[in-house]
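The structure appears below as C-alpha cells.
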Amino acid sequence: SLLSIDPTWGMVAGGVLMTLYAAHGGIKSVTATDIFQFLVLVVGIPLIASIAVDQAGGIKAVFTQLPVEKLTIFQHEKFSYYLVIFFSWGFLQTGMVDPAIIQRMLMGSSRSQLRNQYLVMAAFDPALRLSLMLIGLAGVVLYPNIAPGNVVPHIIQTLLPVGIKGWAIAGLLGAIMSTADSYLHAAGLVVARDIVKPICDKHSININELV
C-alpha cells in the first residue's frame with residue numbers, strides 16, 4: 001500500500017530480511033526495533049491523528065459527520081464477541097500469556113524495573129488508543145469508500161508532508177517488524193531449547209543452542 005509493491009513480493013522480501021535480522025542480531029536487534037516502535041507510537045501516531053482530524057474539520061466535525069451505524073454499540077451485530085474480548089483482555093489479561101511479552105519480562109533486571117516499565121506503558125496506553133480511534137474515525141469521514149486496511153497508508157500518502165511522510169512509512173514498517181521479529185525470535189528459542197535440544201540429548205549429540 002505504501003510503496004506500491006506487489007503484496008506477495010513484499011511479504012517474501014520482508015520475511016527474508018526480518019529472518020536474517022533476527023537471526024544475526026538476536027535479542028539486541030529485537031530490542032532495538034522495540035525502542036523504535038515505542039518512539040513511533042508515542043510521536044508518530046498522535047501526529048497522524050492530529051493531521052487527519054484537522055483535515056476532517058476538527059473533532060466535533062468528525063463526530064457529527066460519522067454515519068450513525070458507526071456509533072452503534074449495544075445493537076452492534078458483534079457486540080457479544082467484542083464484550084468477551086474486552087473482559088478477557090481487559091480483566092483476565094489473557095494477552096499477557098504471550099511468548100514475546102514473557103520474553104520481555106524475563107529481560108528485566110529486577111521487579112522494580114519491570115513494575116516501572118509497565119507503569120510507564122500504562123500511562124501511554126490510553127492516549128495511544130485514543131489517537132488510533134481518532135485516526136479510524138477521521139478516515140471514515142475523509143475516505144468513506146476506502147477499505148479499512150488502507151486508511152492509515154492512504155492518510156500517510158495524501159495528507160502528510162514530505163519528510164514526515166517518509167518518517168511515518170519507516171515507522172509503520174518498524175512497528176510491524178518489531179512485533180513480527182519478537183515472535184520469530186521467541187519461536188526460534190522454543191524450537192532450539194524445547195524441541196531440538198531434547199532430541200539431541202536423547203541421542204548424545206552436542207549442539208550449540210545459540211547457533
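All residue numbers refer to positions in the sequence shown, counting from 1.
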> Are any non-hydrogen side-chain atoms of His154 and Val151 less than 4.5 angstrom apart?
Replying inline: no
> Would a hydrophobic clustering, with Ile, Leu, Val, Met, Phe, Trp and Tyr connected at side-chain separations under 4.5 Å, put Ile146 with Leu142?
Replying inline: yes
> Would Leu130 and Ile59 show up in the same hydrophobic cluster when neighbours are defined by side-chain heavy atoms closer than 4.5 Å?
Replying inline: yes
>> Take a 6.0 Å sphere around CG of Asn208 and say whether it holds more than 12 heavy atoms from other residues, nucleotides or ligands.
In response: yes
> In Å, rounded to the nearest 0.5 Å, how long is the span from CE of Met105 to CD1 of Ile102?
Replying inline: 7.0 Å
>> Using 0.5 Å steps for rounding, measure from the CG atom of Leu71 to the NE2 atom of His76.
In response: 11.0 Å
>> So does Gln75 get a backbone contact from the side chain of Thr72, meaning a donor-acceptor N/O pair under 3.5 Å?
In response: no
> Above 12 or not: heavy atoms from other molecules or residues under 6.0 Å from CG of Leu20?
Replying inline: yes
> With the 4.5 Å side-chain cut-off for hydrophobic clustering, are Leu47 and Val62 part of the same group?
Replying inline: no
> Per the side-chain contact (heavy atoms from CB on, under 4.5 Å) rule, which among Leu114, Val120, Leu119 passes with Gln117?
Replying inline: Leu114
> What is the distance from atom CD of Gln113 to atom CE of Met107, rounded to the nearest 0.5 Å?
Replying inline: 9.0 Å
> What heavy-atom pair brings Ala56 and Ala61 nearest, and what distance separates the two atoms?
Replying inline: O-CB, 3.5 Å
> So Tyr21 and Met177, side chain to side chain contact (heavy atoms under 4.5 Å, CB included) or not? Walk me through it.
Replying inline: CA-CA 10 Å; Tyr21 176 82; Met177 183 176 173; 3.2 Å; yes
> Do the side chains of Leu137 and Val68 join up, straight or via other hydrophobic residues, at under 4.5 Å, putting them in one cluster?
Replying inline: no
> Between the main-chain N or O of Gln157 and the side-chain N or O of Lys165, is there a donor-acceptor pair closer than 3.5 Å?
Replying inline: yes
>> Return the CG to NZ distance between Asn206 and Lys197, rounded to the nearest 0.5 Å.
In response: 9.0 Å
>> Taking the side chain as everything from C-beta on, heavy atoms only, tell me whether Ile27 gets closer than 4.5 Å to Gln103.
In response: yes
>> Run the side chain to side chain contact (heavy atoms under 4.5 Å, CB included) test on Leu66 and Val140 for me, step by step, so that the C-alpha distance in whole Å, both residues' side-chain angles and the decisive distance to 0.1 Å come before the verdict.
In response: CA-CA 7 Å; Leu66 274 176; Val140 170; 3.8 Å; yes
> What's the spacing between Trp167 CH2 and Ile156 CD1 if we round to 0.5 Å?
Replying inline: 10.0 Å
> What do the steps show when you test Ile199 against Ile195 for side chain to side chain contact (heavy atoms under 4.5 Å, CB included), and what is the final call?
Replying inline: CA-CA 6 Å; Ile199 293 174; Ile195 299 176; 4.3 Å; yes
> What are the two closest heavy atoms between Ile73 and Phe79, and how far apart are they?
Replying inline: O-CD1, 3.3 Å
>> To check you understand the geometry: which heavy-atom pair defines the closest contact between Ala138 and Val53, and what is its length?
In response: CB-N, 4.1 Å
> Nearest heavy-atom pair of Ala52 and Leu159: which atoms, and what distance?
Replying inline: CA-CD1, 4.1 Å
>> Looking at every non-hydrogen atom in both residues, tell me the closest pair between Ile5 and Gly10 and how far apart they are.
In response: CG2-N, 4.0 Å
> Just checking, is any N or O donor in the side chain of Asn150 or Tyr143 under 3.5 Å from an acceptor N or O on the other one?
Replying inline: no
> Quick one: do Ile207 and Val191 end up in the same hydrophobic cluster if we chain Ile, Leu, Val, Met, Phe, Trp and Tyr together by side-chain heavy atoms under 4.5 Å apart?
Replying inline: yes
>> Side chains of Arg104 and Ser182 only: does a donor on one sit below 3.5 Å from an acceptor on the other?
In response: yes
> Rounded to the nearest 0.5 Å, how far apart are CD1 of Ile135 and CD1 of Ile45?
Replying inline: 5.0 Å
>> If we count only N and O atoms by modelled type, under 3.5 Å, do the side chains of Asp181 and Ser29 hold a donor and an acceptor together?
In response: no
>> Donor-acceptor check, side chain of Asp54 to backbone of Ser50, threshold 3.5 angstrom: yes or no?
In response: no
>> Walk me through whether Phe63 and Lys70 qualify under side chain to side chain contact (heavy atoms under 4.5 Å, CB included).
In response: CA-CA 10 Å; Phe63 281 96; Lys70 297 296 182 181; over 6 Å; no
> Is the backbone N or O of Ile205 less than 3.5 Å from a side-chain atom of His203, with the two atoms forming a donor-acceptor pair by type?
Replying inline: no
> So, for Leu184 and Met18, which heavy atoms are closest and what is the spacing to 0.1 Å?
Replying inline: CD2-O, 4.0 Å
